[in-house]
Amino acid sequence: MNMLVNIDVEDLDAAINFYITAMGLQVGRRFGTVGVEMLGSSSPIYLLAKAAGTAAVESLPQLRDYHRHWTPVHLDFVVEDIDASVQQAINAGARLEKSIMTQKWGKLAPMADPFGHGFCFVQFIGAGYDEIAD
């Protein structure tokens, strides 16, 4: 099974610029004015232009907004140098939401992109998650 990642954004050009500058991704295919494929991650990321105030699905009353929001699903980007990655993302418009934390398995930096989506940078140390696996 393959996985595709879709991220709704209000401003497609600003999102393209952010994900190029902050994450080092490259533009793959373009889908007119409605979306773009970003490559350079383990899964392609599709940025989808969706206006604020529109319904995500008809069965829910919640409307899209691009203020910081929380969802139990977020993206983790595994990086080699977490400090450099955090600074690069901040320079591109991201927000570091909590100081970089060091765990037995590695380092974690909780972040938010300019469109309200949470993500983390992860830098593994030693055996990574195997350090805590049973």
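- Put simply, CZ on Phe121 and CE on Met23 are 4.0 Å apart, with the number rounded to the nearest 0.5 Å.
- The two atoms that bring Ile82 and Val79 nearest to each other are CA-CG2, 3.8 Å, heavy atoms only.
- If you chain together hydrophobic residues whose side chains sit under 4.5 Å apart, Ile125 and Ile100 never meet in one group.
- Residue Leu39 holds its CG atom at 8.0 Å from CG of Leu25, rounded to the nearest 0.5 Å.
- The minimum heavy-atom distance between Pro44 and Leu4, with the atom names listed, is CG-CD2, 3.6 Å.
- Between the Gln103 side chain and the Met101 main chain, no donor and acceptor come within less than 3.5 Å of each other.
- How far CD1 of Ile20 is from CD1 of Ile16: 6.5 Å, rounded to the nearest 0.5 Å.
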Practice task
List the steps and the verdict of side chain to side chain contact (heavy atoms under 4.5 Å, CB included) for Asp8 and Phe115.
Solution key: CA-CA 8 Å; Asp8 292 357; Phe115 313 97; over 6 Å; no

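- Residues Asp76 and Cys120 come closest through the heavy atom pair OD1-CB, 3.2 Å.
- Atom NE2 of residue His74 and atom OG1 of residue Thr71 lie 10.0 Å apart, to the nearest 0.5 angstrom.
- Between Arg64 and Glu10 there is no salt bridge, since no side-chain nitrogen of the basic residue lies less than 4.0 Å from a carboxylate oxygen of the acidic one.
- Proximity of Val36 to Phe31: side-chain heavy atoms (C-beta onward) are nowhere separated by under 4.5 Å.
- When all heavy atoms of Gly93 and Pro114 are compared, the pair lying nearest together is O-CG, 3.5 Å.
- Side-chain N or O atoms of Thr21 include none that pairs as donor or acceptor with a backbone N or O of Phe18 at under 3.5 Å.
- Between Leu12 and Ala49, the shortest heavy-atom distance links the atoms CB-CB, 4.3 Å.
- Summarising the geometry of Ala112 relative to Glu97, their closest heavy-atom pair is CB-OE2, 3.5 Å, with the distance given to 0.1 Å.
- Counting only residues at least two apart or on different chains, the side-chain hydrogen bond (donor to acceptor under 3.5 Å, both in side chains) pairs with a member in residues 38-51 are Arg29-Tyr46, Glu37-Tyr46.
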Exercise for the section: Could you check Tyr19 against Asp113 for side chain to side chain donor-acceptor pair (under 3.5 Å), going step by step and ending with a plain yes or no? Expected result: CA-CA 9 Å; Tyr19 282 92; Asp113 77 7; 2.6 Å; yes

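- Side-chain atoms of Gln87 and Asn91 include a donor-acceptor pair closer than 3.5 Å.
- Looking at Leu48, Ile45, Leu47 one by one, the single match for side-chain contact (heavy atoms from CB on, under 4.5 Å) with Asn6 turns out to be Leu48.
- Side chain of Glu131 to main chain of Ala127: a donor-acceptor pair is present (N/O by atom type, distance under 3.5 Å, no hydrogens or angles).
- A distance of 9.5 Å separates CD1 of Ile7 from CE of Met38, quoted to the nearest 0.5 Å.
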Practice task
Before giving the answer on side chain to side chain contact (heavy atoms under 4.5 Å, CB included), spell out for Val86 and Met111 the whole-Å C-alpha distance, their side-chain angles and the decisive distance to 0.1 Å.
Solution key: CA-CA 8 Å; Val86 165; Met111 311 276 300; 4.1 Å; yes

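- For the atom pair CD1 of Ile90 and OG of Ser85, the computed distance is 11.0 Å after rounding to the nearest 0.5 Å.
- Ring planes of His69 and His117: perpendicular class, angle over 60° (limits at 30 and 60°).
- At most 12 heavy atoms of other shown residues, nucleotides or ligands fall within 6.0 angstrom of atom CZ in Arg30.
- In this structure, Val78 is a member of the same hydrophobic cluster as Leu108, with clusters built from ILVMFWY side-chain heavy atoms closer than 4.5 Å.
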